[in-house]
Protein chains: 2
Amino acid sequence: MAEKFDHIDLRILEVSQKHGALSQRELADRVGLSQNALWRRLKRLEEDGVLLGVHRRVSAKKLGLDLTVFVMVRTRTHSDEWIEAFRAHVSRIPQVVEMHRIGGDWDYMLKVVTRGMSGYDKTYKQLTTGIELETVTGFFSMETMLEDRPLDVYG
Amino acid sequence: MAEKFDHIDLRILEVSQKHGALSQRELADRVGLSQNALWRRLKRLEEDGVLLGVHRRVSAKKLGLDLTVFVMVRTRTHSDEWIEAFRAHVSRIPQVVEMHRIGGDWDYMLKVVTRGMSGYDKTYKQLTTGIELETVTGFFSMETMLEDRPLDVYG
DNA sequence: GTTGAAACACCCTCAAT
DNA sequence: ATTGAGGGTGTTTCAAC
């Protein structure tokens, strides 16, 4: 697979990640293109599916969502059907913002953002009700040191 | 602290997270306001610091960033100065997209997104060079089952 | 790749209700 | 809170180079 994106594409992706509200004129200036040329690139990058949706970040803290917990889960069953059922089960819990099937001492890892310990307790109960899990352990974040960093398009 | 945001505010935050490119007219229609009234709310929510920046999501997969690893770190030192030095050290590694100080069996947890195992090897070396860490263990994501979900503004 | 232009949509700020 | 309107800006699509 040859290089799919040139350095201007990568610059566009880099800047767009951080500053999604820039006008096309401002973005064009930053990456060294005319607005017209940039428009064509944006269209192509969206069609290619590498440029995805635009989102606004909101302050979890200001919303009172002050507790982040990484929940590690070990399960008894490992069939494809069970995995999909578990995914569907977890996807009904909006406090779970991320979920991975992992290797190592546990089978799954979930990132949970809630309103304090009482919020986590509710989420925990919802998670462990209606499906059989072997072990559930939570690692509580005491301090978020880095968050929501952009992907390194060059790395 | 009384309710700081009414249900229309929460709707705005909810929709904006997912659809950050909606025009004010479209967003106003969705939350049941006039464009003018929405504009004032947006301004206030931004001033309050609950509505944060606009970002474009990019496809890690299409960029070849196909490996996600959760790195758990145990350290020898725990002073405030050392913690800040560690944060600065890690913040120089762009493949680390998230970093938490946690409680439990480890002291820190880092989320790393890289280009395959060779990319992870470089990140690992950069992480463990120039600073003393006791133990470093990686949990490799075999499958991302849920990702980048919006915060539940009601939960 | 570039500039220029036209048509349209959007944003921000008024005034009035 | 609403509608309506004006001016400035941004987007999308041309044509021409």
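Proteins come first, then strands; the chains are lettered A, B, ... in the order of their sequence lines, and each starts at number 1.
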Check nucleotides 12-16 of chain C against the protein and report each pair of N or O atoms closer than 3.5 Å, with its distance, or say if there are none.
{"unit_1": "C:dC12", "atom_1": "OP2", "unit_2": "B:Gln24", "atom_2": "NE2", "d": "2.8"}
{"unit_1": "C:dC12", "atom_1": "OP2", "unit_2": "B:Trp39", "atom_2": "NE1", "d": "3.1"}
{"unit_1": "C:dC12", "atom_1": "O5'", "unit_2": "B:Trp39", "atom_2": "NE1", "d": "3.1"}
{"unit_1": "C:dC14", "atom_1": "N4", "unit_2": "B:Asn36", "atom_2": "ND2", "d": "2.5"}

Open item on the list: Heavy atoms only, 4.0 Å cut-off, all strands: where does B:Ser34 land among base, sugar-phosphate and nothing?
Closed with: base
- [ ] Among Ile, Leu, Val, Met, Phe, Trp and Tyr joined by side-chain contacts under 4.5 Å, find the other residues sharing a cluster with A:Leu133 and list them by chain and number.
- [x] A:Leu67, A:Val69, A:Val71, A:Val73, A:Trp82, A:Ile83, A:Phe86, A:Val90, A:Ile93, A:Val96, A:Met99, A:Tyr108, A:Leu110, A:Val112, A:Met117, A:Tyr120, A:Tyr124, A:Leu127, A:Ile131, A:Val136, A:Phe140, B:Met145, B:Leu146
Open item on the list: Testing A:Asp107, A:Asp105, A:Thr135 one by one against A:Arg74 for a side-chain hydrogen bond (donor to acceptor under 3.5 Å, both in side chains), which residue passes?
Closed with: A:Thr135
- [ ] May I have the distance from B:Leu22 (atom CG) to C:dC11 (atom C1'), rounded to whole angstrom?
- [x] 15 Å
- [ ] Look at the side chain of B:Ala37 and decide which nucleotide, out of D:dT2, D:dT11, C:dG1, has an atom nearest to it.
- [x] D:dT2
Task: Stretch residues 26-33 of chain B: residues that reach within less than 4.0 Å of DNA chain D through a heavy atom - done: B:Gly32, B:Leu33
- [ ] Answer yes when B:Asp66 and B:Lys61 have at least one side-chain N-carboxylate O distance shorter than 4.0 Å, and no when they do not.
- [x] no
- [ ] Within residues 45-58 of chain B, find the residues that approach DNA chain C with a heavy atom at under 4.0 Å, and present them sorted by residue number.
- [x] none
Task: A:Arg25 CZ - C:dT2 P separation (whole Å) - done: 13 Å
TODO: Compare every heavy atom of A:Gly155 with every heavy atom of B:Gln95, then report the nearest pair and how far apart it is.
DONE: NE2-CA, 3.5 Å
Task: Results of side chain to side chain donor-acceptor pair (under 3.5 Å) for A:Asp148 - residues two or more places apart only - done: none
Open item on the list: Are there over 12 heavy-atom neighbours, none belonging to A:Arg44, within less than 6.0 Å of that residue's CZ?
Closed with: yes
Task: Heavy-atom pair of closest approach, residues B:Leu51 and B:Ser16 - done: CD2-CB, 4.3 Å
Task: Short N-O contact, B:Glu14 and B:Arg30, less than 4.0 angstrom - done: no
Open item on the list: With heavy-atom distances below 4.5 Å as the criterion, would you say the side chains of B:Ser23 and B:Gln35 are in contact?
Closed with: no
Task: A:Arg41 CZ - D:dT11 P separation (whole Å) - done: 18 Å
- [ ] Using the test side chain to side chain donor-acceptor pair (under 3.5 Å), find all partners of B:Ser141 that sit at least two apart in sequence or belong to another chain.
- [x] A:His100
Task: Between P of D:dA1 and NE2 of B:His7, the distance in whole Å - done: 11 Å
Open item on the list: In this structure, how many angstroms lie between the C1' atom of D:dT3 and the CG atom of B:Leu38, rounded?
Closed with: 16 Å
Task: B:His55 side chain reached by A:Arg57 side chain, heavy atoms, under 4.5 Å - done: yes
